[in-house]
2 protein chains.
Amino acid sequence: MILSRTSQYAVQALIYMATQPNATPVLNKDIASQLGVPAPYLAKILQSLAKGNLLFSFRGRLGGFCLRESGDKINLMQILLLTEGPVFTQSCLLGLKVCSDETACPLHFRWIPVKKKIMDLLQDTTLEKLAKAVESGKYRLADVPGQLFDQLRP
Amino acid sequence: MILSRTSQYAVQALIYMATQPNATPVLNKDIASQLGVPAPYLAKILQSLAKGNLLFSFRGRLGGFCLRESGDKINLMQILLLTEGPVFTQSCLLGLKVCSDETACPLHFRWIPVKKKIMDLLQDTTLEKLAKAVESGKYRLADVPGQLFDQLRP
DNA sequence: ACAATATAAAACAATCTTGTCTGAATATCC
DNA sequence: GGATATTCAGACAAGATTGTTTTATATTGT
């Protein structure tokens with residue numbers, strides 16, 4: 001519902017990156033194992049976020065991905081505009097191609113205030129807020145906590 | 001966003017049916033041409049709605065589909081539970097399998113009030129309200145208005 | 001040169017949307 | 001009552017989209 005798998009992974013990965021020290025690049029591999037998502041798929045997503053100017057990417061040894069800006073300057077809307085496309089903000093609940101105040105579907109005016117709530121949430125929620133929540137230890141970013149993976153490694 | 005194509009077609013079709021006289025069955029063919037959606041695909045959707053006890057279906061001459069109850073007794077949530085599945089009401093924004101108050105993702109408590117707004121809208125919006133809106137002539141149910149089709153027919 | 005890393009490309013699988021075809025049920029007409 | 005037309009029902013598959021995996025290539029630091 002609501003978000004595609006791609007968007008979900010993108011948001012999770014960026015939150016995780018926001019919890020890491022900003023100086024050193026984060027490896028795709030590490031993010032993937034911490035979140036428990038397929039690494040090559042995540043790589044593709046991170047690449048597209050780099051193309052969308054949300055991330056820096058560095059090749060070679062000591063390479064990896066870095067947030068282009070600090071977490072307090074990146075909100076969820078910016079991310080989802082990249083992963084869901086621009087249609088994300090303007091779509092009609094019934095899927096009509098044109099559905100504006102002038103030429104509206106019967107749900108249009110009921111949907112507008114609800115949609116505004118969603119958009120406000122996405123605009124207002126920054127990576128920094130979410131990263132702090134995760135760092136507090138009260139919230140989980142993945143189904144299988146990352147600590148479990150760390151314990152299993154030699 | 002939000003709804004699958006299947007759900008969108010289902011809602012559109014049911015609204016259309018609610019605008020028609022309840023006594024005579026409505027033909028899948030007619031609904032499809034009025035809405036401008038593929039008839040075979042819509043037929044499948046209507047069949048599953050019949051299995052879900054939202055519609056009656058009648059075979060043979062003078063057959064078609066009828067609403068099982070009057071439009072004021074059917075809300076959008078009932079429809080979407082059939083087309084999107086029960087997960088629809090309980091999913092996490094980040095896609096975590098378990099995300100409850102006890103074991104929450106960092107977005108959980110921000111998402112809850114917004115989600116409630118969505119659910120309230122779906123619960124509160126009945127087919128009758130939507131049908132009346134369409135009948136008033138101020139709202140459109142499809143991208144290409146049905147009247148256009150009627151004029152083109154011999 | 002070598003090893004570690006991102007990047008690109010391609011192959012694969014699953015799901016969603018749409019279309020085709022055959023069959024079964026029902027009402028109407030003769 | 002039988003023939004026929006109409007309509008839903010269900011199986012099957014093509015096409016598109018999305019998600020996933022695999023493989024190869026290019027770049028960088030040591």
Side-chain angles (χ1 to χ4, degrees), chain A residues 1-13 17 23-33 35-68 80 82-85 87-88 91 94-95 97, chain B residues 1-13 17 20 23-33 35-68 80 82-85 87-88 94-95 143:
Chain A
M1 172 197 186
I2 304 270
L3 296 185
S4 68
R5 185 60 40 96
T6 297
S7 294
Q8 294 174 339
Y9 286 174
V11 173
Q12 287 180 37
M17 292 181 71
T24 58
V26 190
L27 298 187
N28 172 67
K29 195 176 55 176
D30 290 346
I31 306 175
S33 83
L35 300 180
V37 310
Y41 185 35
L42 182 63
K44 234 183 192 172
I45 298 172
L46 295 182
Q47 284 160 28
S48 78
L49 294 179
K51 274 190 191 137
N53 290 332
L54 223 56
L55 295 179
F56 287 117
S57 73
F58 303 103
R59 291 180 164 192
R61 225 191 130 114
L62 299 190
F65 293 93
C66 285
L67 293 179
R68 202 129 170 163
L80 296 179
L82 289 179
T83 53
E84 300 276 322
V87 195
F88 181 59
S91 58
L94 290 184
K97 301 213 178 34
Chain B
M1 173 197 185
I2 304 271
L3 296 187
S4 69
R5 187 59 38 101
T6 296
S7 294
Q8 294 174 340
Y9 287 171
V11 173
Q12 287 179 40
M17 292 181 69
Q20 300 301 108
T24 58
V26 191
L27 300 188
N28 172 67
K29 195 176 55 175
D30 291 345
I31 306 175
S33 81
L35 299 180
V37 311
Y41 186 32
L42 182 63
K44 241 182 223 163
I45 298 172
L46 295 182
Q47 283 163 27
S48 79
L49 293 179
K51 273 192 191 136
N53 291 332
L54 225 53
L55 295 179
F56 286 117
S57 73
F58 303 102
R59 291 180 167 189
R61 225 186 133 118
L62 298 191
F65 294 93
C66 285
L67 292 180
R68 203 131 172 162
L80 296 180
L82 289 180
T83 53
E84 300 276 322
V87 195
F88 182 59
L94 291 184
D143 274 317

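Per chain, numbering begins at 1; letters A, B, ... match sequence-line order. Predicted model only: the values in this text are computed from it and were never measured.
- Along DNA chain D, the nucleotide nearest B:Leu27 and the nucleotide nearest B:Lys51 are compared for position; the residue whose nucleotide lies closer to the 5' end is B:Leu27.
- The CG atom of A:Leu3 sits 8.0 Å away from atom CG of B:Leu94, with the distance rounded to the nearest 0.5 Å.
- Between the P atom of D:dG29 and the CG atom of A:Leu62 lies a distance of 8 Å, rounded to the nearest Å.
- At least one side-chain heavy atom of A:Leu80 sits less than 4.5 Å from a side-chain heavy atom of A:Val11.
- Side chains of B:Leu55 and B:Met17 form a contact here, defined as non-hydrogen atoms less than 4.5 Å apart.
- No donor-acceptor pair closer than 3.5 Å links the side chain of B:Glu84 to the backbone N or O of B:Ser7.
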Trace of the side-chain contact (heavy atoms from CB on, under 4.5 Å) decision for B:Thr6 with B:Tyr41
CA-CA 9 Å; B:Thr6 296; B:Tyr41 186 32; 2.3 Å; yes
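- Put simply, B:Ser57 has no side-chain N or O that comes within less than 4.0 Å of OP1 or OP2 on D:dT7.
- Contact footprint of chain A on DNA chain C: nucleotides with an atom under 4.0 Å from a non-hydrogen protein atom, first to last in 5' to 3' order, C:dA4 to C:dA10.
- Side chains of A:Leu49 and A:Thr83 form a contact here, defined as non-hydrogen atoms less than 4.5 Å apart.
- Using a distance-only test at 3.5 Å, with no hydrogens or angles considered, no donor-acceptor pair links the side chain of A:Asn28 to the main chain of A:Phe65.
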Just by protein heavy atoms under 4.0 Å, how would nucleotides 18-28 of chain D read 5' to 3' in B, S and -?
-SBBB---SBB
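- Counting only heavy atoms from C-beta outward, the side chains of A:Tyr9 and A:Pro38 approach each other to under 4.5 Å.
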